[in-house]
Participant: 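Once you've had a glance at the structure underneath, I'll fire off some questions.
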Protein chains: 2
Amino acid sequence: MGRWVPDARGRLAKAALALYSERGYEQTTVAEIAAHAGLTERTFFRHYADKREVLFAGSQELQTLFVDAVAGAPRDAAPLEAVAAGLDAAAELFTDRRPFARQRQAVIAANANLVERELIKLASLSSAIAATLRGRGVTEPAASLTAEAGVAVFKVGFERWVAPAETRDMADLMHEALDALKAAVAARGQ
Amino acid sequence: MGRWVPDARGRLAKAALALYSERGYEQTTVAEIAAHAGLTERTFFRHYADKREVLFAGSQELQTLFVDAVAGAPRDAAPLEAVAAGLDAAAELFTDRRPFARQRQAVIAANANLVERELIKLASLSSAIAATLRGRGVTEPAASLTAEAGVAVFKVGFERWVAPAETRDMADLMHEALDALKAAVAARGQ
DNA sequence: AGCCTCGATGACAGCAACTGACATCAATGA
DNA sequence: TCATTGATGTCAGTTGCTGTCATCGAGGCT
């Protein structure tokens, strides 16, 4: 075997989620996470920029998948329909990860600092979607607004998907949320 | 005169914005802010929960005004129209504060930690609007989605309002953004 | 006047997040 | 064989933030 136990990054992420779940985010020190992964505090910060980031390793993957789906939507699809393709891709990504997502979301919801980090990840997703829409010829401010609307749908759909009693597929919930948005915005305004 | 120079809170906020603008957020220590306000570091933390919060003292006022306008919209107004009333109230609040808003926004945009804090303030605004809409009889997920859409409009409108060359009124920009959202969401989806 | 309570601030010690600098040493490959 | 590389360890230092106790003028009560 090599000089070090493999996958230090993964071990840190696993240890962090476990400890944050058990005793809470604030009550967990980085040194403890590192020790549980058989590493030192300094090494933790070589793998993750800060104590929060360790919970958001997958957000880049989500963004890439979402954006690629938007970019790959039929050329004649309306902007919001292209975003809907991204929502479908996201739903597929999360298939079979519901228990993990629930545990992780419980940790995040319990701490405002973690919620902040999640929000900036979603803002980054929104920016990337908007840029992709502009690449499809959508002009501002329509691109940004469509992207923001799409992320709002994702947020609402995701929230429902991780809700305790929920059993429906994420794709169904995303479609429901998207339809609800269309209805809400279309409702008899002057 | 009193035992202490008045308005410690305001002096801290003023000193913080000035220092963050001059030398950057990260390069400014809380002790320096406090010193410029004629106070100690410990007193800073008695007025503001952390180093970021000092830039967001006004967000509660915005939220209250926005929410009150939504609650006070005509009983028969559609949810999105009620939110539009909130946007108008927000626009009024910012009248004559453009230079301040520009300076503050430049500071925030330059640091990810400050952006995070701004995002959670907007998320709080969205939650409050959604709750108000539910109070008007709007059901979920329409309430949350309408609120998120409204905040998206606010974000886009505000961004444009603080843009360097922009001279139009915030109310005009908010209306434009709202119309763009309606158009984008209504666009020929199946 | 004399006294008391209150509240904003100061002083100080301490923890933990994060960073920079340098050392270590198995694996790798020329 | 040996120099290089790269992930990790070690250690010292800064700073955000907190708990605790002291200070002392203002304002009320007698």
Side-chain angles (χ1 to χ4, degrees), chain A residues 1-57 107-108 110-118 120-121, chain B residues 1-57 107-108 110-118 120-121:
Chain A
M1 80 174 194
R3 180 176 183 186
W4 296 287
V5 184
D7 193 25
R9 233 183 118 79
R11 276 150 49 213
L12 286 167
K14 201 166 185 174
L17 179 59
L19 289 172
Y20 291 172
S21 283
E22 278 174 32
R23 65 181 81 160
Y25 170 78
E26 307 252 15
Q27 285 66 45
T28 304
T29 69
V30 173
E32 287 169 346
I33 298 169
H36 273 69
L39 297 165
T40 64
E41 188 185 11
R42 192 64 184 88
T43 297
F44 176 96
F45 287 110
R46 288 202 179 92
H47 286 277
Y48 297 101
D50 58 47
K51 193 186 169 186
R52 308 174 207 172
E53 197 65 18
V54 67
L55 285 181
F56 297 88
V107 169
I108 292 173
N111 186 278
N113 290 312
L114 293 172
V115 173
E116 284 185 349
R117 180 56 52 86
E118 171 156 71
I120 208 173
K121 296 295 183 185
Chain B
M1 78 174 195
R3 180 175 182 186
W4 297 288
V5 185
D7 193 24
R9 237 185 116 79
R11 275 152 48 214
L12 286 167
K14 201 166 186 174
L17 179 60
L19 290 171
Y20 292 171
S21 283
E22 278 174 30
R23 65 181 81 159
Y25 170 78
E26 307 253 15
Q27 286 66 46
T28 304
T29 69
V30 174
E32 287 169 346
I33 298 169
H36 273 71
L39 297 164
T40 64
E41 189 185 9
R42 191 64 185 90
T43 297
F44 176 96
F45 287 110
R46 288 200 179 94
H47 286 278
Y48 297 101
D50 57 48
K51 194 186 167 185
R52 308 176 206 171
E53 197 65 19
V54 67
L55 285 181
F56 296 89
V107 170
I108 292 173
N111 186 277
N113 290 312
L114 293 172
V115 173
E116 285 185 349
R117 180 56 51 87
E118 171 156 72
I120 208 173
K121 295 297 184 187

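Throughout, a chain's letter reflects where its sequence line sits, starting with A, and its residues are numbered from 1. Just so you know, these numbers come straight off a predicted model, no measurement behind them.
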Participant: Respond yes when some side-chain nitrogen or oxygen of A:H47 is under 4.0 Å from OP1 or OP2 of D:dA7, and no when none is.
Facilitator: no
Participant: Is it true that A:K51 and A:E41 have a side-chain N and a carboxylate O under 4.0 angstrom from each other?
Facilitator: no
Participant: Given side chains that start at C-beta, do those of B:F44 and B:V54 come closer than 4.5 Å, heavy atoms only?
Facilitator: yes
Participant: Please tell me if A:T40 has a side-chain N or O lying less than 4.0 Å from either OP1 or OP2 of D:dG9.
Facilitator: yes
Participant: Side chains of A:H36 and A:R11: does their closest heavy-atom pair fall under 4.5 Å?
Facilitator: no
Participant: What string of B, S and - do you get for nucleotides 14-23 of chain D 5' to 3' if you count protein non-hydrogen atoms under 4.0 Å?
Facilitator: --SBBBB--B
Participant: Is a salt bridge present between B:R52 and A:E116, judged by a nitrogen-to-oxygen distance below 4.0 Å?
Facilitator: yes
Participant: Just do the side chain to side chain contact (heavy atoms under 4.5 Å, CB included) check on A:V115 and A:E118 with the steps written out, would you?
Facilitator: CA-CA 5 Å; A:V115 173; A:E118 171 156 71; 5.5 Å; no
Participant: CG of B:N113 versus C1' of C:dA17: gap in Å, rounded?
Facilitator: 12 Å
